[in-house]
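Mind having a look at this structure? Questions to follow.
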Amino acid sequence: MNNASDSWWRSAVIYQVYIRSFADGDGDGTGDIAGLRSRLPYLADLGVDAVWITPWYPSPLADGGYDVSDYRGIHPAFGTLADAREMIAEAHGLGLRVILDIVPNHTSDRHTWFRQALAAPPGSPGSPGSPGSPGSPGSPARERYIFRDGRGEDGSLPPNDWHAAFGGPAWTRTADGQWYLHLFAPEQPDLNWDNPEVHAEFESILRFWFDLGVDGFRIDVAHGMAKDPALPDLGLPEFSVLTGPGQDDHPHWDRDGVHDIFREWRAVADGYPDRRVFVAEAHVRPGRLAGYLREDELHTAFNFDFLKCPLEAGPLREVIDRSITELAAVGAPATWVLSNHDETRHVTRYGRARTGVQATFRDRRLPTDRALGTRRARAAALLMLALPGGAYLYQGEELGLYEVEDLPEDALQDPVWERSGHTVRGRDGCRVPLPWTGDAPPFGFGPPGTVPWLPQPADFTSLTAEAGRADPASMLRLYRHALLLRRTDPGLRGEEFHWLDSPDGTLLFERGPGLLCAVNLSARPLPLPDARDPLLASGPLDSDGLLPPDTTAWLQRRTA
Ligand code: GLC
């Protein structure tokens, strides 16, 4: 493959493959590597630069694979290591880079280490030979995780008041009475990153996959790996993400200790002659992301502020400015993302009255205008793809898929559903298997007769890749055209970017020479600047050549 440009990652469009739901080669209802291989030409045609594959390792799938039981293998439902090797080679042959998902904050409770930990004696506080977190019980197998005695006279109360992301306390008691920490499901025990053995193990895992040819890693929960060893109470009524001020020195989010880990990882990546890259999933407060992207740390990070921003000109402009400026200060490019496997699909979010309300974990069903959401999603896609830096696409957004909010309750598999006592449906609605062809389930997701692991709605008929290819006005054709221009138009290369004046509720910016992007999020049609020819628009201009509401256009300087 062409490795000529060492900086490909600075402007890459990276397509997220949620492997269980992408394409099923063997008809067991679960997506797999064979399915992915068969669709690699589709991805190359679409015009993306890389794929990010969500965890494909052996796993009990208590959290869709984010509960890894063996970091050096492939889940048998997804294929074999040989399949993975061939897939990577084929992707490279098509000019696609391959990024894997690494899950270092926690393992599965079925991981050998955790089984050993449960089988080991609890140890006693301060016992000799402990690698050493203050107050920890000290049995070496338990020192790889975070085990503690409980509070109360008989230790029957959790060691502190932390909450788990999916609901309930962040501690589970073992048969011998000790407790272990899990910031997510009980099946996902948190690793102890104060233990050098954990560092050594993950460096070896990185090398294993780098040696196999992968081009980088997306780091799951990058902001959670370091904990305050004193494990102090938080004093909060429920689980919270880091959002506001006044959360300095949080005992388990965004602690400075994570940076030591990433410096080690960067050194591993830089030991390879060709560029290997990292992207952080780090939910941090404004101003803190750049710390992860210093020269000797990670390369890029997801821009969740952009994803969560209301689709309104003022807030968007602020987020865009802040992102570019903050990251430029450490020499890192901005990235942009509208959807992923944890969030309500943006066609649905943008079809709601308040487009900024969107955390799937807590979302309730809200009235949604899907046609409006689709129009806005088209406008948002052209905005995102015109911005300087990298972009992340989530599988199916290029087809215009929406959040499936009426999955039958007995089909729901996200642990959030159980852990919330059936009050929060969770993230399955954005994980429904992709429709490729035909007019009935499984819509080409697998061979005829396949029963997808989540049911597909009947109206996916109009959203298949096949239907999209045939319809010049489809979302798929828009994405393909935009990605083609991104590759071929010099105006979209480089990192040049500046705002031009435009009416309230609209955005207007210039990229490279002669390339302009106009976004109309106001209620009135927007006159386009003189001497510019539309290159691509997310919807038709009106009869006077004005840009209608909820529409974006790319324009080029008219050559005389
Ligand atoms: C990340 C993943 C999410 C997973 C969680 C725990 O946020 O994106 O899907 O549930 O980490 O691993």
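Counting starts at 1 for both ligands and their atoms, following the listed order.
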ask   = Is there a heavy atom of R431 sitting under 4.0 angstrom from any atom of ligand 1?
value = yes
task = Please state whether the rings of Y394 and Y18 are parallel, tilted or perpendicular, taking 30° and 60° as the class boundaries.
result = perpendicular
remark   = F166 heavy atoms within 4.0 Å reach ligand 1 at atoms 10 (O)
message = Tell me whether the rings of H252 and H250 are parallel (<30°), tilted (30 to 60°) or perpendicular (>60°).
response = perpendicular
task = Could you label the plane-to-plane angle of the Y71 and Y57 rings as parallel, tilted or perpendicular, counting under 30° as parallel and over 60° as perpendicular?
result = tilted
task = Classify the contact between R218 and ligand 1 as side chain, backbone, both or neither, using a heavy-atom distance cut-off of under 4.0 Å.
result = side chain
contact_flag E343 ligand 1 heavy-atom lt 4.0 Å = no
message = Closer than 4.0 Å to some heavy atom of H106 - which atoms of ligand 1 meet that?
response = 6 (C), 12 (O)
inquiry  = Could you tell me, atom by atom, which parts of ligand 1 come under 4.0 Å of a heavy atom of R427?
reply    = 3 (C), 4 (C), 9 (O), 10 (O)
key: R255, CZ atom: more than 12 neighbouring heavy atoms under 6.0 Å   = yes
inquiry  = Against F217, only a single residue in F210, W52, W265 fulfils side chain to side chain contact (heavy atoms under 4.5 Å, CB included); can you say which?
reply    = F210
message = I'd like the name of whichever of D414, D67, D342, V416 reaches closest to atom 3 (C) of ligand 1 through any heavy atom.
response = D342
task = Provide the number and element of each atom of ligand 1 under 4.0 Å from a heavy atom of V221.
result = 11 (O)
ask   = Looking at residues at least two apart in the chain, or sitting in another chain, which of them share a salt bridge (Lys or Arg N to Asp or Glu O under 4.0 Å) with R263?
value = D260, E297
